[in-house]
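In what follows, a structure is listed as C-alpha cells, so that the remarks can point back to it.
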Amino acid sequence: MNIHTKGFIVSALIYFFIGCSLGIVSVFVPTMMPLIRPVHLHLNLLGWVSMMIMGVSYFVIPVFIRKNPFSDKALTLHLILANVGIIGMSACFAIQNYDLLPVFAVIEVFSVYLFLFNIVATAIKGIPVESSPREWDFLTGEADKEVDRWASYFTQAATLYFVVACSLGAYISLSASGWSYLKVHFHLNLVGWVTLMIYGVAYHIFPRFSSRDVKNGALVGKHFILANLGIVLMTGALIYAEKGDNEFAAFYMLILAGLIEGISGAVFVYNILPAINSAKEIMGQASVRFARASLLYLVLGITLGILISIDGDLASKFRPVHSHLHVLGWITMMIYGVGLYIVPAFNGKKLHSRIIAELQFWIANVGLIGFLLLYPLTTLKGWAGVFAVFELLAALLFIYNMARTIFGPSTQK
C-alpha cells in the first residue's frame, strides 16, 4: 500500500471513531444534538466515507489505467489540505464560529479540486507501469470490458458531483442565503458522490473477485442513465421546492425523482448480487455478508425516502432513520465488506482476524436494526442509545482489525 492510500485510510478510521462517538453522545444527551449534528455529519461523510473512497481511489485507479500517480507531492498536498479542511470545519461547527467556517470550507473545496486534478493528471500524464507490483494482482483479473467502461463513467460522474457538492457547501458557508441549498448539498454528496462511486467500484471489483459477470451487462449502461437522471431531477426538485412557486409541481417532481432512484437501486441490486454471492471463496464470508446487508439497507433507505417525499408528516420523525439507513447501512456496510478484503490485499497481507470480522458483522447489524427501530419512539430513545453503543463497538472492531492488518507484521496472502 502506498503511503498516500495508507494516510487517507488511517485518517478515515480516526474520523469514523470520533464521528460515531459523537453520535452516541447526541443520543444520550439530546440537548447537545443541535451542536453535535453538523460535526457528526461532516466527520462521517467527509471524514470517514470520503477519505476512505479517495484513499482507495489512489490505489485502484493506477491499477486500472496501468500508470503511476502523476505527482506524489500533489497527493501529499491533497492529504494535508483535506485533513486541515475537515478538522477546521468540525472545530468551527463545534464552537459555532461561523466567521472562520468559510476559510476551512474553501480549503476543503480546494482539496477536492486537487483530487480531481490528481486523477485526471494521472490518467493523462502518469508514467506507464512496466512491471506491476504483487499487490496489484488481485485487481488485474479479466472482466467484461463494456461493464468496466460504464463502471468508469460511474466513478467519473461521482467525482464531478463531489466537486459540485463541495463547491455548493463552500457557497453555503459564505452566504446567508446559501443555507436554503443544504438539502441539495447533502443529496449531491450522498447520492451523487458516494452512491455513484460505490456503484462504479462495485461493477469494477466484484466480477473480478468472483470470476462471475454481472447478471446483465447491457443493463449497466441503462443503470448509469437512470442513476444520473434521478440525481439531476432530485436536485432540480429540491431547488424548486425551496425557490419555486408551485408546491404541487415540487411535490410530484420529488416523488418522480425518488422513484427513478429506486428503480436505479433495484437494477444495481439485481445486477451485482450474483457476483457478490460468488465472491465468498476469495473475499471471505464476513465480507460477502456485509455487502449483501448493504444492498438490503440501500433498498430500505430508498423506499423510506420515497415514503417521506409522499407524506411530509413522516419527514420529521423518520428523516434520521432514512439518513442512517444510507450512511450506516448502505454505505458503511459496503465499506466494511469491501474493506475487510481489499485493505489487506493492498498490503499483500491476510486479514488480521476473520473471527473479529464475523463478530463485527453481527454486532453492527443488531446495533443498526435496534437503533433504527427504537429511535423514532420518543419513550424508548434511551434503549436506542444502547443499540447505538453496539454500532460504536462494531466500528471499534473494524478499526482494530484494519490497524492490526495495516501495521502488523508482513504475511503472505
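How far NE2 of His326 is from CD1 of Ile331: 8.0 Å, rounded to the nearest 0.5 Å. Taken to the nearest 0.5 Å, the CG atom of Leu229 stands 4.0 Å off from the CD1 atom of Ile260. Considering CD1 of Ile276 and OG of Ser278, their distance stands at 10.0 Å, rounded to 0.5 Å. Note that the CD1 atom of Ile302 and the OG atom of Ser264 stand 6.5 Å from one another [nearest 0.5 Å]. Taken from OG1 in Thr332 to NE2 in His324, the straight-line distance is 9.5 Å, to the nearest 0.5 Å. Asn189 CG to Thr195 OG1: the interatomic distance, rounded to the nearest 0.5 Å, is 10.5 Å.
Closest non-hydrogen pair, Ile308 versus His322, comes out as CD1-CB, 3.8 Å. Taking both residues in full, the closest heavy atoms of Ser11 and Leu79 are given as OG-CD1, 4.2 Å, listed atom of the first, atom of the second, then distance. The shortest heavy-atom contact between Ser294 and Met334 is OG-CB, 3.3 Å. Across every non-hydrogen atom of Thr159 and Met197, the tightest pair is OG1-CE, 3.8 Å. The two atoms that bring Leu196 and Ala158 nearest to each other are CB-CB, 3.8 Å, heavy atoms only. Summarising the geometry of Lys215 relative to Pro274, their closest heavy-atom pair is CD-CG, 3.9 Å, with the distance given to 0.1 Å.
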Test side-chain contact (heavy atoms from CB on, under 4.5 Å) applied to Arg292 and Val288, step by step: CA-CA 6 Å; Arg292 288 173 182 160; Val288 170; 3.6 Å; yes
Derivation of the side-chain contact (heavy atoms from CB on, under 4.5 Å) call for Thr303 and Val299: CA-CA 6 Å; Thr303 303; Val299 172; 4.2 Å; yes
Steps toward side-chain contact (heavy atoms from CB on, under 4.5 Å) verdict (Gln360, Tyr400): CA-CA 11 Å; Gln360 180 206 342; Tyr400 173 78; over 6 Å; no
side-chain contact (heavy atoms from CB on, under 4.5 Å) between Lys6 and Phe346, intermediate numbers included: CA-CA 9 Å; Lys6 186 178 293 187; Phe346 285 177; over 6 Å; no
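Between His204 and Phe154, a ring centre-to-centre spacing not shorter than 6.0 Å is recorded. Within the 6.0 Å centre-distance limit, the rings of Phe115 and Tyr58 are counted as a close aromatic pair. Within the 6.0 Å centre-distance limit, the rings of His78 and Phe8 are counted as a close aromatic pair.
No side-chain heavy atom of Phe110 sits under 4.5 Å from any side-chain heavy atom of Ile107. Taking the side chain as every heavy atom from C-beta outward, Leu81 and Tyr113 never approach each other to under 4.5 Å. Within the 4.5 Å cutoff, the side chain of Leu325 has no heavy atoms near those of the Trp330 side chain. Put simply, the side chain of Met52 does not reach to within 4.5 Å of the side chain of Tyr15, judged on heavy atoms. Side-chain atoms of Leu114 and Asn118, non-hydrogen and from C-beta on, do get closer than 4.5 Å to each other. Annotation: side chain of Phe290 is not in contact with side chain of Val338 (no heavy-atom distance under 4.5 Å). Between Met253 and Ile239, the closest side-chain pair of non-hydrogen atoms is not below 4.5 Å. Considering only heavy atoms from C-beta on, Leu298 comes within 4.5 Å of Phe268 through its side chain.
For the residue pair Tyr336/Asn401, the side-chain donor-acceptor check at 3.5 Å is not satisfied. With 3.5 Å as the limit, one finds a donor-acceptor pair spanning the side chains of Tyr297 and Asn365.
Contacts classified as ring pair (Phe, Tyr, Trp, His ring centres under 6.0 Å) and involving residues 175-196 (residues at least two apart or in different chains) are given here: Phe162-Trp193.
A side-chain contact (heavy atoms from CB on, under 4.5 Å) with Met51 holds for exactly one of Ile9, Leu13, Ile86; it is Ile86.
Looking at Lys125, its side chain never comes within 3.5 Å of a backbone N or O of Phe70 through a donor-acceptor pair. A distance-only check finds a donor-acceptor pair linking the side chain of Thr155 to the backbone of Ser152 [under 3.5 Å].
Other residues, nucleotides and ligands contribute over 12 non-hydrogen atoms within 6.0 Å of the CD1 atom of Ile95. Enclosure of atom NZ in Lys243 by more than 12 non-hydrogen atoms of other residues, nucleotides or ligands within 6.0 angstrom is indicated. For Ile3, the CD1 atom is loosely surrounded, since the number of other residues' heavy atoms within 6.0 Å does not exceed 12. A 6.0 Å sphere centred on OH of Tyr240 holds more than 12 heavy atoms belonging to other residues, nucleotides or ligands. A 6.0 Å sphere centred on CD of Gln285 holds more than 12 heavy atoms belonging to other residues, nucleotides or ligands. Under a cut-off of 6.0 angstrom, the local environment of NZ in Lys183 is sparse, with at most 12 non-hydrogen atoms contributed by other residues, nucleotides or ligands.
Using the six-membered ring where Trp is involved, Phe16 and Trp48 have ring planes that are parallel, under 30° apart on the 30 and 60° scheme. Between Tyr375 and Phe371, the ring-plane angle classifies as tilted under the 30° and 60° cut-offs. Using a 30° and 60° split on the angle between ring planes, Phe387 and Phe390 fall in the tilted class, from 30° to 60°. The aromatic rings of Trp150 and Phe224 lie tilted to each other, with the angle between the two planes from 30° to 60°.
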Only distances under 3.5 Å count here; give the side-chain donor-acceptor pairs of residues 24-40 to other protein atoms, sequence neighbours excluded, each with its distance to 0.1 Å.
unit_1: Ser26; atom_1: OG; unit_2: Gly23; atom_2: O; d: 2.7
unit_1: His40; atom_1: ND1; unit_2: Gly19; atom_2: O; d: 2.8
unit_1: His40; atom_1: ND1; unit_2: Asn44; atom_2: ND2; d: 3.2

